[in-house]
Amino acid sequence: MNTLDFHKAKEEGKKLSMITCYDATFARLIEQTDVDLILIGDSASMVMHGEPTTIPATMEWMAEHTRSVRNGTQKYIVADMPFLTTRKGIAFATDCAGRLLTAGANCVKIEGVFGQEDVIQHLTLSGIPVMSHLGLTPQFYQAFGGHKMQGKTDAAAEKIIEEAKKAEELGCCSIVLECIPAALAEKITKAVSIPTIGIGAGVNCDGQVLVLQDMLGMSGFKPRFVRHYLNGAELIKNALNQYAADVRNAAFPAGDEIR
């Protein structure tokens with residue numbers, strides 16, 4: 001898949017599936033699946049580093065996670081621009097985006113549009129694909145007063161619609177819509193020609209994204225919009241307990257495992 005395929009997918013009505021990934025091991029598994037896109041989210045801050053929010057994610061972390069994932073897959077990779085990297089001027093943002101592409105990303109994701117139109121346009125005109133992220137943008141959680149659904153009032157909904165249209169105008173290749181009413185997500189999806197990828201935004205987006213550890217039942221995080229496709233936590237704990245028991249009982253190693 002390449003950036004030009006985004007428009008083609010929307011035109012053909014093909015739903016895009018995107019999943020987060022942060023390391024080469026999982027990337028190798030995803031490479032063997034039908035998943036379309038990989039997102040190296042700043043959610044790595046929480047999932048991989050144990051932080052309470054995405055705010056502590058650094059460029060160093062994001063670049064290293066991007067490189068690790070690229071080492072395990074040839075799929076299209078989108079990498080998050082960390083907190084404030086797009087708010088320190090065009091030169092700084094371009095350098096950060098360049099680092100992510102050099103590490104192996106095909107596209108960068110930027111939260112919000114208003115107030116950083118110049119950065120977004122400069123990146124897209126410089127040949128750096130940009131995915132916009134609207135609605136509940138986790139880097140703005142302090143301003144939002146927490147991780148809350150956005151776009152519930154007419155004024156808030158209209159702002160998100162205008163941001164989506166501006167994202168398309170500035171050259172963004174797609175838009176993530178997070179935690180907004182399904183009716184609003186459907187309206188935005190119809191209003192722009194670039195694909196929308198939802199998370200907690202209903203079924204009428206042009207695609208969906210989930211955090212890998214959430215959908216595998218490994219994170220303990222289960223909001224309404226997350227579906228567990230596996231009880232991963234229990235499976236892994238059971239395997240570890242079986243290993244520990246085998247060691248205690250001198251059942252491992254045995255047979256052909258001994259050289």
Side-chain angles (χ1 to χ4, degrees), residues 14-23 25-27 29-57 62 65 69 73 75-80 82-83 109 111-112 131-142 144-152 156 160 174-186 188-189 195-239:
K14 177 192 174 185
K15 297 276 190 176
L16 297 170
S17 57
M18 183 161 72
I19 196 75
T20 66
C21 185
Y22 318 100
D23 65 89
T25 299
F26 270 119
L29 292 175
I30 296 170
E31 174 68 16
Q32 302 171 55
T33 73
D34 296 328
V35 169
D36 296 303
L37 311 167
I38 291 176
L39 171 64
I40 302 165
D42 55 5
S43 50
S45 172
M46 304 166 74
V47 177
M48 304 300 288
H49 298 272
E51 298 289 349
T53 71
T54 65
I55 302 300
M62 296 306 298
H65 286 301
V69 172
T73 185
K75 287 185 182 287
Y76 193 97
I77 291 176
V78 181
D80 267 343
F83 182 58
K109 181 165 73 63
E111 293 188 10
M131 177 180 286
S132 181
H133 184 159
L134 304 176
L136 173 55
T137 44
Q139 293 175 10
F140 290 73
Y141 90 98
Q142 306 240 35
F144 291 156
H147 295 90
K148 303 176 180 179
M149 177 173 278
Q150 301 297 305
K152 292 192 292 184
I160 298 173
S174 55
I175 304 171
V176 168
L177 298 175
E178 181 170 356
C179 287
I180 63 174
L184 173 58
E186 182 177 9
I188 293 171
T189 300
T196 60
I197 299 176
I199 177 167
V203 73
N204 290 312
C205 295
D206 297 306
Q208 300 291 329
V209 59
L210 283 177
V211 171
L212 179 64
Q213 282 79 356
D214 292 347
M215 62 89 72
L216 292 181
M218 296 170 59
S219 66
F221 184 63
K222 183 62 174 73
R224 186 171 61 182
F225 62 82
V226 169
R227 179 180 297 180
H228 284 172
Y229 286 83
L230 186 74
N231 191 352
E234 287 304 310
L235 290 173
I236 292 171
K237 287 188 289 185
N238 289 342

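One-based numbering along the sequence shown.
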Non-hydrogen side-chain atoms of [X] and [Y] separated by less than 4.5 Å:
X      : Y      : value
Ile188 : Ile180 : yes
Leu235 : Leu230 : yes
Val211 : Met46  : no
Arg227 : Met215 : no
Met18  : Met131 : yes
Ile160 : Gln150 : yes
Phe221 : Val47  : no

Member of Leu134, Asp42, Val176 meeting the side-chain contact (heavy atoms from CB on, under 4.5 Å) criterion with Glu111: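 For Glu111, the side-chain contact (heavy atoms from CB on, under 4.5 Å) check succeeds only for Asp42.
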Of Val69, Leu37, Ile30, the residue whose pairing with Lys75 passes side-chain contact (heavy atoms from CB on, under 4.5 Å):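 Single side-chain contact (heavy atoms from CB on, under 4.5 Å) partner of Lys75 among Val69, Leu37, Ile30: Ile30.
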Go through the steps to decide whether Asp214 and Ser219 satisfy the test side-chain hydrogen bond (donor to acceptor under 3.5 Å, both in side chains), and finish with yes or no. CA-CA 5 Å; Asp214 292 347; Ser219 66; 2.5 Å; yes
Which atom of [X] lies closest to which atom of [Y], heavy atoms considered:
X      : Y      : answer
Gly198 : Gln208 : O-OE1, 3.0 Å
Ala182 : Gly202 : CB-CA, 3.9 Å
Lys15  : Val203 : NZ-O, 2.8 Å
Leu210 : Ile19  : O-CD1, 3.2 Å
Glu234 : Lys237 : OE2-NZ, 3.0 Å
Tyr22  : Gln213 : CE1-OE1, 3.5 Å

Taking atom NZ as the centre, does Lys222 end up with more than 12 heavy-atom neighbours from other residues, nucleotides or ligands that are less than 6.0 angstrom away?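 It does: Lys222 NZ has more than 12 such atoms within range.
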Give, for atom [atom1] of [X] and atom [atom2] of [Y], the distance between the pair rounded to the nearest 0.5 Å.
X      : Y      : atom1 : atom2 : answer
Leu39  : Ile197 : CG    : CD1   : 8.5 Å
Ser43  : Asp80  : OG    : CG    : 7.0 Å
Ile199 : His133 : CD1   : NE2   : 7.5 Å
Cys205 : Leu16  : SG    : CG    : 11.0 Å
Asp206 : Thr196 : CG    : OG1   : 4.0 Å

Donor-acceptor pair, side chain of [X] and main chain of [Y], under 3.5 angstrom:
X     : Y      : answer
Ser45 : Thr53  : yes
Asp23 : Thr25  : yes
Thr20 : Leu212 : yes

What I want to find out is whether Asp36 reaches Lys14 closely enough, with some N-O distance under 4.0 Å, to be called a salt bridge.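 Salt bridge present between Asp36 and Lys14.
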Stepwise, does the side chain to side chain contact (heavy atoms under 4.5 Å, CB included) test hold for Met62 with Ile40? CA-CA 7 Å; Met62 296 306 298; Ile40 302 165; 3.9 Å; yes
Polar contact flag, side-chain donor to acceptor under 3.5 angstrom, Thr73-Glu31: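 There is such a pair (donor and acceptor under 3.5 Å, judged by atom type) between the side chains of Thr73 and Glu31.
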